[in-house]
Asker: 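Would you mind keeping the following structure in view while I ask a few things?
Atoms within each ligand, like the ligands themselves, are counted from 1 in listed order.
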Amino acid sequence: MKKFFIQTFGCQMNVYDGQRIANMLESYNLTQTDNVAEADLILLNTCAVRAKATDKVYSALGRIRKVKKESALLGIVGCVARESGSDAFRRIPELNFVLGPQSYHKLPEILENPDTRLFNIDLGGLEKFDSLPAMTKTPNVAYIPVQEGCNHCCTYCIVPYTRGRELSRPFNDIIKDSINAVKTGAIEICFLGQNVNGYNYTDENGKKYRLSDVIKEVAKIQEVSRIRFTSSYPTEMTNDLINMFATEQKLLPFLNMPIQSGSPRILKKMNRPDDLDAYLEIVNKLKQARADIQISSDFIVGFPDETDEDFEQTLDIAKKVKYINSYSFKYSPRPHTAAAIMPNQISEQIKSVRLQRLDFQLTENQRDFNLSCVGKEMRCLFESEDKTGKHLIYRTPYMQQCIVDKTDTISQLLKVKITDANKSCLHGEIIKDK
Ligand code: SAH
Ligand code: F3S
């Protein structure tokens with residue numbers, strides 16, 4: 001039997017794409033291996049969001065071409081395929097295929113014609129969802145895209161170029177995928193989209209559906225225990241969706257709603273919503289809907305023309321909103337974006353200092369929140385065993401890691417009493433199952 005090797009880089013949408021690709025290849029009777037040297041088909045499922053992410057892909061390709069079997073087919077799928085286009089073949093002549101994030105369902109063509117080169121970086125929209133075989137097994141957490149692409153065009157971001165314009169999937173397809181996910185093993189459903197709360201679908205009878213409708217319907221599926229969604233655009237956080245946090249107990253009290261910067265001047269240059277009061281008002285409404293809600297953000301430091309003063313405003317908002325579980329990045333100029341050619345690019349050195357200071361604040365927030373959880377009871381979802389084999393790692397409703405002593409049988413969902421915490425994780429005692 002032929003074997004395939006797949007390595008996934010980047011966001012949860014890529015993790016999802018990787019699962020669909022593996023499932024598709026298995027339906028062609030290939031089996032997965034984690035040893036690249038014995039694989040007959042090797043694919044890298046790639047991320048292009050920052051220059052470092054793209055560099056990682058090319059250095060992995062450089063390593064792989066030295067150890068792979070002579071006859072193995074080698075290729076890339078995902079955002080680097082869109083970013084590099086046919087230039088990828090020039091950089092790595094051994095490549096057999098280059099497929100964009102919306103054309104990876106064409107991968108079996110290379111199995112049928114291994115002597116040709118397969119190149120397709122078209123924006124095929126939602127076509128792939130109809131052509132892929134249904135998933136036959138699903139991990140505890142099922143990622144289910146509700147939309148693909150983004151219309152927001154933040155000036156730093158390559159995603160609208162690599163993933164195309166926004167397209168919302170048919171409501172019924174999402175419900176069908178959710179039912180299939182729980183039938184094949186899922187307990188938690190995480191709805192995905194580059195602009196997930198922009199979900200907007202009109203069916204053939206003219207009926208309109210928003211993300212709140214999807215959540216309501218999927219919450220009715222008995223076997224679904226937890227629901228979340230990512231990533232949200234602040235100004236698309238409409239009242240119907242905010243209300244879900246009050247009415248749907250299965251919806252976790254945790255929301256990723258990136259602000260990126262705390263400076264209205266920089267937000268304007270980023271083409272992001274720049275009214276901080278309006279943003280804080282949304283945070284307030286969320287807290288009113290669900291008092292225990294916590295919010296996470298992504299941040300970019302060192303955007304072109306960012307002054308010390310602008311950066312201080314980013315620190316201020318991080319402190320004020322008390323974001324937990326957040327990500328911070330140095331601005332990275334990307335091809336096909338407006339910010340890459342803006343004047344007053346910031347030096348690496350200044351970016352590094354700012355990143356360090358922001359990370360210090362974000363870690364402080366996380367530690368404070370983790371410590372505030374000690375003594376509380378939380379319902380947690382099993383993730384994995386730890387490296388020592390003595391403990392089990394669970395995820396809290398806030399996506400914190402919670403470590404408990406290993407038990408003879410592993411319960412997928414557990415009530416845990418938090419006994420200890422530090423900046424990176426919680427420790428807990430099992431109370432009872434479910
Ligand atoms: N809404 C999208 C965001 C995609 S990019 C989604 O979740 O699918 C993820 C994060 O990477 C962004 O929120 C931003 O903080 C960061 N990012 C995007 N482009 C960047 C760039 N050019 N340099 C540094 N960070 C960037
Ligand atoms: Fe990128 Fe902004 Fe959309 S970060 S994915 S353009 S909301």
Asker: Measuring from atom NZ of Lys423 to atom CD of Gln366, what distance do you get when rounded to the nearest 0.5 angstrom?
Answerer: 10.5 Å
Asker: Could you find the nearest protein heavy atom to atom 8 (O) of ligand 1 and give me its residue, atom name and distance?
Answerer: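 Nearest protein contact, heavy atoms only, for atom 8 (O) of ligand 1 is Gln194 CA, 3.4 Å.
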Asker: Quick one: look up the protein heavy atom nearest atom 23 (N) of ligand 1 and list residue, atom name and how far away it is.
Answerer: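 Looking at atom 23 (N) of ligand 1, the protein heavy atom closest to it is Ser332 N, 2.9 Å.
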Asker: What's the shortest heavy-atom distance between Cys154 and Arg272, and which atoms?
Answerer: SG-CD, 3.4 Å
Asker: Taking the inter-plane angle between the rings of Phe171 and Tyr209 on a 0 to 90° scale, is it parallel (under 30°), tilted (30 to 60°) or perpendicular (over 60°)?
Answerer: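 The arrangement is parallel - the two ring planes meet at less than 30°.
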Asker: Hey, is Arg334 touching ligand 1 through its side chain, its backbone, both or neither, going by heavy atoms under 4.0 Å?
Answerer: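 Side chain only.
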Asker: Side chain, backbone, both or neither: which applies to Ile300 and ligand 1 if a contact is any heavy-atom pair less than 4.0 Å apart?
Answerer: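 Side chain only.
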Asker: Is there a side-chain contact between Leu362 and Phe299 in this structure, where contact means two heavy atoms from C-beta onward sitting under 4.5 Å apart?
Answerer: yes
Asker: Are any non-hydrogen side-chain atoms of Leu426 and Thr396 less than 4.5 angstrom apart?
Answerer: yes
Asker: For residues Lys216 and Arg210, determine if any side-chain heavy atom of one lies less than 4.5 Å from a side-chain heavy atom of the other.
Answerer: no
Asker: How far is atom 16 (C) of ligand 1 from the closest protein heavy atom, and which atom is that?
Answerer: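 Ranking protein heavy atoms by distance from atom 16 (C) of ligand 1, first comes Arg50 NH1, 3.3 Å.
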Asker: Decide whether Arg334 and Thr54 meet the rule of one side-chain donor and one side-chain acceptor closer than 3.5 Å.
Answerer: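 Looking only at side-chain atoms, Thr54 and Arg334 do form a donor-acceptor pair, the distance falling under 3.5 Å.
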Asker: Give me the nearest non-hydrogen protein atom to atom 4 (C) of ligand 1 as residue plus atom name, then the distance to 0.1 Å.
Answerer: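 Here the closest protein heavy atom is Val159 CG2, 4.2 Å.
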Asker: Mind telling me whether Tyr233 and His152 have parallel, tilted or perpendicular rings, with 30° and 60° as the class edges?
Answerer: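 Ring orientation, 0 to 90° scale: parallel.
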Asker: Just how far is it from atom CG of Leu44 to atom CD1 of Ile42, taken to the nearest 0.5 Å?
Answerer: 8.5 Å
Asker: Give a yes/no on ligand 1: does Lys330 have at least one heavy atom closer than 4.0 angstrom to it?
Answerer: yes
Asker: Quick test: of every protein heavy atom, which one is nearest to atom 7 (O) of ligand 1, and how far off is it to 0.1 Å?
Answerer: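 Looking at atom 7 (O) of ligand 1, the protein heavy atom closest to it is Ser231 OG, 2.9 Å.
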Asker: First locate atom CG of Asn370, then atom SG of Cys425, and finally report the distance between them rounded to the nearest 0.5 Å.
Answerer: 8.0 Å
Asker: Side chain or backbone of Phe329 under 4.0 Å from ligand 1, or both, or neither, by non-hydrogen atoms?
Answerer: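 Near ligand 1, Phe329 shows its side chain, while the N, CA, C and O stay back.
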Asker: Who's touching ligand 2 if we go heavy atoms under 4.0 Å?
Answerer: Cys150, His152, Cys153, Cys154, Tyr156, Cys157, Val159, Pro160, Tyr233, Arg272
Asker: Please determine whether the number of non-hydrogen atoms from other residues, nucleotides or ligands lying under 6.0 Å from atom CD of Gln12 exceeds 12.
Answerer: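 Yes.
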Asker: Show which atoms of ligand 1 fall inside a sub-4.0 Å distance from at least one heavy-atom site of Tyr331.
Answerer: 23 (N), 24 (C)
Asker: Could you identify the single nearest non-hydrogen protein atom to atom 9 (C) of ligand 1 and state the distance to 0.1 Å?
Answerer: Asp298 OD2, 3.8 Å
Asker: Would you call the rings of Phe303 and Tyr156 parallel, tilted or perpendicular if under 30° counts as parallel and over 60° as perpendicular?
Answerer: perpendicular
Asker: Looking only at protein heavy atoms, identify the closest one to atom 5 (S) of ligand 1 and say how far it is in Å.
Answerer: Val49 CG2, 3.6 Å
Asker: Note the single closest protein heavy atom to atom 15 (O) of ligand 1, along with its residue, its atom name and the distance in Å.
Answerer: Gln260 OE1, 2.7 Å
